[in-house]
Amino acid sequence: MLRSFARGLYASFLVDRRVLALAFARLADGVGNSFLIIVIPLYVASDVVTGATFGLAEAMVIGIILSLYGFLNSSLQPFAGRLSDRAGARKRYILLGLGGLTVTNLLYLLAGSYVSLIVIRALQGVSVAFIVPASIALVNELAGDRTRGGNMGVYNTFRLIGFGAGPIAAGAVVAAGPYELGAGSAWITLSGFEAAFWVAAITAAISLTMVAVLISDPERTKASAGGTPSIDVFDPRDGQLFDPVFTLGIATLFMTIGIALFATIQNEVNAHLDQGSTWFGLQFAAFVIAQVLLQAPIGGASDRLGRRPFICWGMILLVPTTLAQGFVATPETMFLARLAQGVAGAMVFAPGLALAGDLAGEGESGTKLSVLTMSFGFGIALGPLTSGFLIGLGFVVPFAFGAALAALGAVLVYTQVEETIERGVRERAATTD
């Protein structure tokens with residue numbers, strides 16, 4: 001198994017050049033988009049933003065702005081994925097979304113009221129809804145059956161690097177302002193907020209340019225246009241209850257809720273472990289570190305060893321690694337628990353996308369894979385809300401709930417999802433004969 005994992009590590013870097021270009025493009029827009037997670041709360045709290053709050057506290061306004069983006073983005077992904085399937089085009093929808101991101105990032109420079117910020121962030125949620133399913137469907141179609149897991153892993157790795165790098169730099173950009181820019185007698189002054197919004201717009205524009213120049217739709221995507229792809233909940237086969245792609249979506253939702261429980265209980269975690277914010281930042285980052293290091297090699301290994309074993313064992317590993325976070329007594333052990341939880345997540349996500357891609361027929365990659373990306377987005381949104389509610393019942397309760405969800409997800413995957421690698425080999429052999 002270690003030998004196959006090592007071959008998977010090597011093969012994960014042998015990706016289609018267009019997938020690599022798309023991965024770099026998503027890294028760029030990920031930096032700019034995640035910038036706003038830090039910048040928007042600071043911007044709302046500044047003297048720049050005024051206007052009616054309709055009786056809501058400032059913290060609630062911030063929550064609405066941030067949550068609206070996530071819920072709109074996730075809710076619209078199946079519709080956007082289906083549009084790209086029926087049109088037989090991925091690139092145009094990715095460009096549409098990136099163009100929307102570029103423009104809306106610049107609109108922040110003109111926004112001065114709470115209402116305008118809500119509208120702009122909502123438009124950004126719609127824009128990203130076009131990008132995500134079309135991008136992941138394009139990766140699925142550019143990768144062959146034998147390299148789909150590795151390609152998915154590389155794509156997700158670069159996307160996560162961009163998403164993780166943005167918040168690190170955002171606070172520094174805002175704090176270092178104002179900036180004096182120009183040459184000769186032509187000088188302009190940008191506040192820290194204006195500079196941050198320009199950075200977000202420029203990174204989105206870079207991503208748009210890369211996709212426009214380096215990416216093209218495969219001929220098979222164009223040839224499969226005009227179908228009527230759908231999302232199935234139940235599976236008519238004997239012995240199966242749920243459709244396997246739908247099952248993977250539920251497992252992804254449960255996994256992501258468990259991961260995101262940690263996000264909003266910083267004060268409780270710091271008090272419980274008698275630690276400062278630096279330790280919390282390291283613990284929060286531990287999950288992302290594991291994802292960045294392992295998604296590509298695990299995805300590549302799943303091309304050889306099968307998707308289902310990684311997904312099943314990953315969901316099983318999520319149970320103790322999530323529950324342990326409710327019982328650890330030191331900052332170091334919390335870091336290790338989060339790191340192990342990241343390993344479990346890496347075992348689930350890239351192989352899960354690859355398995356769903358294996359199951360997607362011609363002309364339905366956008367629709368089928370949007371089930372998993374939508375579930376991931378909803379999990380990120382629901383996890384913090386869940387922990388915020390359950391933490392009042394005891395420190396261990398949110399983590400016990402997350403572990404229970406992971407256990408249920410493991411049972412669903414084990415009973416409702418079949419391996420696809422051997423099936424694909426048989427189908428190719430039959431076609432050859």
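These values consider heavy atoms only, across backbone and side chains, with no hydrogens, waters or symmetry-generated copies.
- Two residues are said to be in side-chain contact when any heavy atoms from C-beta on lie closer than 4.5 Å; Asn151 and Leu142 fail this criterion.
- At distances below 3.5 Å, at least one donor-acceptor pair connects side-chain atoms of Ser387 with backbone N or O atoms of Leu261.
- Contact annotation: the side chain of Val31 approaches that of Leu27 to within less than 4.5 Å [non-hydrogen atoms, C-beta and beyond].
- Ring geometry for Phe335 versus Trp279: interplanar angle over 60°, hence perpendicular rather than tilted (30 to 60°).
- Judged by distance alone, with hydrogens and angles left aside, the side-chain atoms of Thr373 form a donor-acceptor pair with the main-chain N or O of Ser370 at under 3.5 Å.
- Panel note: side chain Asn156, backbone Ala350; no donor-acceptor pair is recorded below 3.5 Å.
- In this structure, the side chains of Leu359 and Lys368 stay at 4.5 Å or more apart for every pair of heavy atoms.
- The nearest pair of heavy atoms linking Gly306 to Ile421 is CA-CG1, 3.7 Å.
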> Please walk me through it: do Val139 and Leu369 pass side chain to side chain contact (heavy atoms under 4.5 Å, CB included)?
Replying inline: CA-CA 11 Å; Val139 174; Leu369 289 168; over 6 Å; no
>> side chain to side chain contact (heavy atoms under 4.5 Å, CB included), that's the test. Do Arg159 and Ser135 meet it? Break it down for me.
In response: CA-CA 11 Å; Arg159 184 180 60 82; Ser135 296; over 6 Å; no
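- Taking each heavy atom of Ala111 and Leu117 in turn, the nearest pair found is CB-CD2, 3.9 Å.
- The distance from the OG atom of Ser74 to the CD1 atom of Ile380 is 9.0 Å, given to the nearest 0.5 Å.
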>> Before you tell me yes or no, could you show the steps for Phe130 and Leu76 under side chain to side chain contact (heavy atoms under 4.5 Å, CB included), namely the whole-Å CA-CA distance, both residues' side-chain angles and the distance that decides it to 0.1 Å?
In response: CA-CA 8 Å; Phe130 282 103; Leu76 294 176; over 6 Å; no
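- Between Leu385 and Phe389 there is no side-chain heavy-atom pair separated by less than 4.5 Å.
- For the residue pair Gly357 and Asn140, the shortest heavy atom distance occurs at CA-OD1, 3.0 Å.
- Residue pairs satisfying the side chain to side chain donor-acceptor pair (under 3.5 Å) criterion with at least one member in residues 115-134, sequence neighbours excluded, are listed as follows: Thr104-Gln124, Asn105-Gln124, Tyr108-Gln124, Ser113-Ser116, Arg121-Gln124.
- Using a distance-only test at 3.5 Å, with no hydrogens or angles considered, no donor-acceptor pair links the side chain of Glu364 to the main chain of Asp85.
- When all heavy atoms of Gly352 and Leu248 are compared, the pair lying nearest together is O-CD1, 3.8 Å.
- A 4.5 Å side-chain heavy-atom check between Phe197 and Tyr43 finds at least one atom pair inside the cut-off.
- Dense packing is recorded around CZ of Phe71, with more than 12 heavy atoms of other residues, nucleotides or ligands lying under 6.0 Å away.
- Heavy atoms from other residues, nucleotides or ligands lying under 6.0 Å from OH of Tyr179 number more than 12.
- At a threshold of 4.5 Å between non-hydrogen side-chain atoms, the residues Lys91 and Leu138 do not count as touching.
- Remark: side-chain polar atoms of Gln416 are paired, donor with acceptor, to backbone N or O of Phe242 under 3.5 angstrom.
- Checking side-chain atoms of Gln325 against main-chain N and O of Thr321 turns up a donor-acceptor pair under 3.5 Å.
- By the 4.5 Å heavy-atom criterion applied to side chains, Ile131 and Arg26 are counted as neighbours.
- Between atom CD1 of residue Ile120 and atom CG of residue Leu68 there is a gap of 12.5 Å, rounded to the nearest 0.5 Å.
- Taking CG of Leu353 as the reference point, atom CD1 of Ile136 lies at 5.0 Å (rounded to 0.5 Å).
- Contact between Ser84 and Gly366 at its shortest, heavy atoms only, is OG-CA, 4.4 Å.
- Two rings, from Phe376 and Phe349, have their centers less than 6.0 Å apart.
- Arg338 pairs by the salt bridge (charged side-chain N to carboxylate O under 4.0 Å, His left out) definition with nothing, not counting sequence neighbours.
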> Given Thr147 and Met152, is the side chain to side chain contact (heavy atoms under 4.5 Å, CB included) satisfied, shown in steps?
Replying inline: CA-CA 9 Å; Thr147 61; Met152 290 290 187; over 6 Å; no
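- Across every non-hydrogen atom of Asp303 and Gly150, the tightest pair is OD2-N, 3.0 Å.
- Judged by distance alone, with hydrogens and angles left aside, the side-chain atoms of Glu419 form a donor-acceptor pair with the main-chain N or O of Arg307 at under 3.5 Å.
- The side-chain contact (heavy atoms from CB on, under 4.5 Å) search around Ile316 returns Trp313, Ala410, not counting sequence neighbours.
- Looking only at atom types and distance, the side chain of Thr367 has no donor-acceptor partner in the side chain of Arg82 under 3.5 Å away.
- To the nearest 0.5 Å, the span separating CZ on Phe158 from CG on Leu22 amounts to 11.5 Å.
- Atoms CD1 and OG1, from Ile298 and Thr157 in turn, are 10.0 Å apart once rounded to the nearest 0.5 Å.
- Thr209 places a side-chain N or O within 3.5 Å of a backbone atom of Ala205 that can act as its donor or acceptor partner.
- Rounded to the nearest 0.5 Å, atoms CD1 (Ile94) and CG (Asp217) are 7.5 Å apart.
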